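Just so you know, these numbers come straight off a predicted model, no measurement behind them. In what follows, residues are counted from 1 in the order of the sequence shown.
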Amino acid sequence: MRPILLQGHERSITQIKYNRDGDLLFTVAKDPVVNVWYSVNGERLGTYNGHTGAVWCVDVDWDTRHVLSGSADNSCRLWDLETGKQLALLQTNSAVRTCGFDFGGNIIMFSTDKQMGYQCFVSFFDLRDPSQIEDNEPYMKINCSESKITSAVWGPLGENIIAGHENGELNQYSAKSGEVVNSIKEHSKQINDIQSSSDMSMFITASKDCSAKLFDTTTLEHQKTFRTERPVNSAALSPIYDHVVLGGGQEAMDVTTTSTRIGKFEAR
């Protein structure tokens with residue numbers, strides 16, 4: 001196995017994502033560029049240019065036709081994957097933290113940060129209705145005033161979304177009514193990342209409390225805990241093996257406030 005180093009960003013990476021076929025890789029960073037690469041050889045296929053701030057999230061739809069990106073420039077943008085043309089611009093009041101296509105690729109959701117006096121919202125747009133895009137008016141908006149959403153994914157068949165919060169809570173919101181269907185709190189600190197298994201029967205959460213946990217997608221029942229010595233920034237489930245991958249580490253800004261004995265700063 002030969003590692004391929006991809007250099008297409010000037011600042012630190014915020015999210016990477018494969019399409020369903022696994023032949024394309026999408027990367028976003030704290031610079032305004034969205035990159036797409038051929039995964040087989042690391043050749044850059046192209047960029048999606050238009051954002052003016054750090055890009056926090058990226059998603060690609062089921063049949064690899066459209067790309068969705070959310071940024072700190074207070075916008076969520078829809079792109080034509082093949083041509084790089086911007087198809088829609090959805091303005092928000094604060095930074096877009098998470099975004100995603102539903103199972104059919106017709107409905108998009110994105111969450112915004114709680115900042116500058118604005119509350120955290122999850123917005124749902126139906127791409128089949130052009131008036132929603134033109135008027136920048138979602139068909140449903142969920143207010144999450146208690147704790148901001150730090151990560152979110154669609155549940156199976158696009159019936160609900162699963163959101164991880166800053167306080168360690170997990171909530172399941174109905175995509176039709178916006179109500180909280182289920183709520184649990186298994187983590188003690190912020191949930192950094194949520195990723196589903198390939199068949200969407202399970203999902204894994206990565207948290208600042210130095211653990212990753214496996215849950216059932218429909219019931220939110222806790223299945224297993226993976227403990228580490230460092231904060232977990234991201235976790236993923238292998239689509240072909242019974243493997244779990246965790247990645248993380250101490251943030252540079254926390255180094256000065258953590259004792260060297262418990263900070264785990266030694267090289268590994």
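For the atom pair CD1 of I108 and CG of N106, the computed distance is 11.0 Å after rounding to the nearest 0.5 Å. In this structure, the separation between CH2 on W62 and CG on N19 is 11.5 Å, given to the nearest 0.5 Å. Note: F110 CZ to S75 OG = 9.0 Å, rounded to the nearest 0.5 Å. With values rounded to the nearest 0.5 angstrom, Q172 atom CD is found 10.0 Å from S183 atom OG. E221 CD to N182 CG: the interatomic distance, rounded to the nearest 0.5 Å, is 10.5 Å. Distance CG/D59 to CD/Q15: 7.5 Å, rounded to 0.5 Å.
With a 6.0 Å radius and a threshold of 12 heavy atoms from other residues, nucleotides or ligands, E82 has its CD atom at or below the threshold. The local environment of NZ in K224 is sparse, with at most 12 non-hydrogen atoms from other residues, nucleotides or ligands closer than 6.0 Å. Environment of CZ in R227: sparse, with no more than 12 heavy atoms of neighbouring residues, nucleotides or ligands closer than 6.0 Å. A 6.0 Å sphere centred on CD1 of I16 holds no more than 12 heavy atoms belonging to other residues, nucleotides or ligands. Sparse packing is recorded around NZ of K30, with 12 or fewer heavy atoms of other residues, nucleotides or ligands lying under 6.0 Å away.
Between the S94 side chain and the D113 main chain, a donor and an acceptor come within less than 3.5 Å of each other. Side-chain atoms of D193 never come within 3.5 Å of backbone atoms of A206 as a donor-acceptor pair (strictly under, hydrogens ignored). Side chain of S188 to backbone of D209: no donor-acceptor contact under 3.5 angstrom is found. T217 places no side-chain N or O within 3.5 Å of a backbone atom of G155 that could act as its donor or acceptor partner.
At a threshold of 4.5 Å between side-chain heavy atoms, the hydrophobic network of Ile, Leu, Val, Met, Phe, Trp and Tyr places W56 and V122 in two separate groups. One hydrophobic cluster holds both I162 and I191 under the rule that ILVMFWY side chains link at heavy-atom gaps under 4.5 Å. I107 and I142 fall within the same hydrophobic cluster, where Ile, Leu, Val, Met, Phe, Trp and Tyr residues are linked whenever their side-chain heavy atoms come under 4.5 Å apart, directly or through other members. There is a path of hydrophobic side-chain contacts, each under 4.5 Å, that joins Y139 to M109. By the criterion of side-chain heavy atoms lying less than 4.5 angstrom apart, applied directly or through intervening Ile, Leu, Val, Met, Phe, Trp or Tyr residues, L220 is not grouped with I161; the two fall into different hydrophobic clusters.
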task: Show your working on side-chain contact (heavy atoms from CB on, under 4.5 Å) between Y18 and S39 and close with a plain yes or no.
output: CA-CA 8 Å; Y18 280 100; S39 57; 3.6 Å; yes

message: Working note: C210 + T228, criterion side-chain contact (heavy atoms from CB on, under 4.5 Å); need CA distance, chi angles, decisive distance, verdict.
response: CA-CA 5 Å; C210 304; T228 68; 4.0 Å; yes

- request: Tell me, with the steps shown, if N74 and T92 meet side chain to side chain donor-acceptor pair (under 3.5 Å).
  value: CA-CA 5 Å; N74 297 1; T92 59; 4.8 Å; no

message: Walk me through whether I149 and R97 qualify under side-chain contact (heavy atoms from CB on, under 4.5 Å).
response: CA-CA 8 Å; I149 290 175; R97 181 66 55 174; over 6 Å; no

- request: Please step through side-chain contact (heavy atoms from CB on, under 4.5 Å) for the pair L24 and Y38, ending with a clear verdict.
  value: CA-CA 5 Å; L24 297 177; Y38 285 117; 4.0 Å; yes

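With sequence neighbours excluded, the residues satisfying ring-ring contact (aromatic ring centres under 6.0 Å, His included) with F124 are W154.
Shown here for Y241 and S238, the closest heavy-atom pair between the two residues is N-OG, 3.0 Å. The heavy-atom pair separating A54 from S71 by the smallest distance is O-OG, 2.8 Å. The two residues G158 and F103 come nearest to each other via the heavy atoms N-CB, 4.0 Å. Residues L246 and A235 share a closest heavy-atom pair of CD2-CB, 3.6 Å. Summarising the geometry of H165 relative to S147, their closest heavy-atom pair is ND1-O, 2.8 Å, with the distance given to 0.1 Å. In terms of heavy atoms, S69 sits closest to H51 at OG-NE2, 2.7 Å.
Among T205, N192, N167, T225, the one residue that satisfies the side chain to side chain donor-acceptor pair (under 3.5 Å) test with H187 is T205. A side-chain contact (heavy atoms from CB on, under 4.5 Å) with F26 holds for exactly one of L68, V36, L45; it is V36.
Q195 places a side-chain heavy atom less than 4.5 Å from the side chain of S234. Between H9 and N35, some side-chain heavy-atom pair lies under the 4.5 Å cut-off. L78 has its side chain within reach of F101: a pair of non-hydrogen atoms, C-beta onward, lies under 4.5 Å apart. Counting heavy atoms from C-beta outward, L237 and F203 have side chains that stay 4.5 Å or more apart. Looking at heavy atoms from C-beta onward, K114 lies out of side-chain contact with E166 at the 4.5 angstrom threshold. Side-chain contact check for T112 versus Y118: every heavy-atom pair is 4.5 Å or farther apart. Under the 4.5 Å side-chain criterion, counting only non-hydrogen atoms from C-beta, D63 is not in contact with R20. Between L170 and I194 there is a side-chain heavy-atom pair separated by less than 4.5 Å.
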Side-chain donor-acceptor pairs under 3.5 Å in residues 83-91, sequence neighbours left out?
residue : atom : partner : partner atom : Å
T83     : OG1  : D80     : OD1          : 3.3
T83     : OG1  : K85     : N            : 3.3
Q86     : OE1  : R77     : NH1          : 2.9

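Using a 4.0 Å cut-off between charged side-chain N and carboxylate O, R11 and D31 make no salt bridge.
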